[in-house]
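The block underneath contains the structure these notes are about, expressed in structure tokens.
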Amino acid sequence: MSLKRTVNDGLVARAAAVLPWRDGIYGHMSTARLPAGYPQFYASGEGARVRDVDGNEYVDLMCSWGPVVLGHRHPAVEAAAAAQARMGDTLDGPTVQIVELAELLTATARHADWAMFTKNGTDATTVCVMVARAATGRRNVLVAGGAYHGSAPWCTPRLDGTVEEDRSTFVPYDFNDLASAEAAVDRCGGDVAAVIVSPFRHDAGYDQELADPAFARGLRALCDRIGAALILDDVRAGFRLHHGGSWDPLGVLPDLSAWGKALGNGFAISAVTGTDALREAASRIFATGSYWFSAVAMSAALTTLTTLREQDGVAAMQRAGQRLRDGLDRQAAAHGLQILQTGPVQMPYMTFVDDPHKARLSLFGQEALRNGLFLHPTHNWFLSTAHTDEEIDRALEATDAAFSAVAHHVEELA
Ligand code: PMP
């Protein structure tokens with residue numbers, strides 16, 4: 001039985017006429033690179049579930065690609081946002097929430113002496129780069145090859161619409177390879193404003209890789225030695241691994257952090273935090289936006305962070321993630337399939353061994369979907385605190401059916 005797609009397909013056809021992408025939708029949410037059958041359009045979300053425009057419901061293992069950390073439409077977050085919306089959202093200046101949120105972030109993240117707020121993760125990483133350059137008066141920034149830091153010309157993964165000059169001061173190194181970062185510094189003749197790094201390697205299309213603590217400490221020491229800023233891009237992992245920042249447990253504190261996604265439980269807000277040493281430089285750059293001060297998202301963020309903290313959301317997501325990981329391991333073994341699960345359990349990813357063209361993984365995703373589970377075959381997944389044992393068990397029913405389909409077709413999928 002296949003899923004109903006009538007409304008979806010009608011919208012896809014209309015979108016293709018008036019939106020620029022081949023199948024209508026652009027960017028990470030386009031279904032163009034997904035196996036057939038994935039819905040493009042959604043109607044609603046509630047807790048750990050999303051519903052597409054045709055009324056099909058799925059346990060959601062993407063959490064809107066990260067932002068939804070307490071579950072869709074979390075009552076306390078929705079109430080805080082609605083209360084502020086009744087007062088006004090974008091006014092002639094910020095509201096009290098900007099101060100409260102900056103107080104909360106600087107009290108939470110050990111490195112943070114100040115905070116500023118933006119809208120998207122790309123804004124936050126871009127501001128970090130500007131602050132580092134303003135502080136050092138230098139040009140080059142070291143970026144790990146393949147890492148995603150946003151869609152501005154300096155970091156977008158596709159070169160169309162960019163010019164060489166946009167990227168010529170961004171110098172590649174390899175994640176978890178300190179020697180490659182040191183060599184990149186040498187190539188820049190010491191002109192390095194910053195090193196930007198993700199807390200772990202979560203490049204789309206690859207198995208995830210945790211940071212070697214020696215690498216993290218080594219990058220910190222390298223930045224100290226050459227007087228460059230260490231920028232942690234915590235946009236994707238922030239508030240899922242540790243409230244103080246994802247490298248806090250390693251004892252490695254950045255000079256600047258970019259935050260986004262989980263910060264507002266789906267409301268549009270991102271943030272930059274930094275140390276006192278960079279405060280003056282941060283005050284000199286001109287970075288702003290019409291919606292950067294909107295109070296609704298800040299209210300949502302305040303409630304998201306306090307609720308996560310009160311509920312020990314990180315521990316809840318770890319428990320749920322472990323239950324999922326153990327379940328997948330058990331099921332794969334029972335079906336005689338070899339899988340690889342990588343990354344932190346609360347930001348899981350799974351691939352099949354000996355699946356060079358990801359044919360097994362594609363079928364797995366399609367069959368999970370047909371059985372009521374939304375996951376992405378080539379991007380890491382996300383858990384939220386709404387993923388109760390029952391939701392994980394429901395997800396595991398779908399994955400069991402999906403493993404069964406893969407096992408059944410394993411010869412053809414070689
Ligand atoms: N950095 C990382 C690590 C990300 O995962 C993302 C988004 N996937 C970004 C930056 C950019 O965030 P946004 O899409 O909100 O601009």
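Numbering of ligands and ligand atoms starts at 1, following listing order. Just the heavy atoms: all of them, side chains too, but no hydrogens, waters or symmetry mates, feed the values below.
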For atom 5 (O) of ligand 1, the closest protein heavy atom turns out to be Arg236 NE, 2.8 Å
Starting from atom 9 (C) of ligand 1, locate the nearest protein heavy atom and write down its residue, its atom name and how far away it is, to 0.1 Å.
Val235 CG1, 3.7 Å
Between Gln338 and Asp354: side-chain donor-acceptor atoms closer than 3.5 Å:
no
Centre of Phe382's six-membered ring, under 6.0 Å away, within 45 degrees of the axis: is that where NZ or CZ of Arg240 sits?
no
Is [X] close to ligand 1, meaning an N/O of one under 3.5 Å from an N/O of the other?
| X | answer |
| --- | --- |
| Asp233 | yes |
| Ser198 | no |
| Gly121 | yes |

Is the Trp154 ring parallel, tilted or perpendicular to the His149 ring (thresholds 30°, 60°)?
parallel
Is the centre of the Tyr42 ring less than 6.0 Å from the centre of the Phe374 ring?
yes
Considering only NZ, NE, NH1 and NH2 on the basic side and carboxylate oxygens on the acidic side, decide whether Asp276 and Arg279 come within less than 4.0 Å.
yes
Between Asp389 and Arg319, is the closest basic N to carboxylate O distance under 4.0 Å?
no
Counting each atom of ligand 1 from 1 as listed, which ones have a heavy atom of [X] under 4.0 Å away?
| X | result |
| --- | --- |
| Thr122 | 11 (C), 12 (O), 13 (P), 16 (O) |
| Gly150 | 10 (C), 11 (C) |
| His202 | 3 (C) |
| His149 | 1 (N), 10 (C) |
| Lys261 | 5 (O), 7 (C), 8 (N) |

Does Met298 form a side-chain contact (heavy atoms from CB on, under 4.5 Å) with Ile98? I'd like the steps, not just the answer.
CA-CA 7 Å; Met298 289 189 190; Ile98 197 170; 3.7 Å; yes
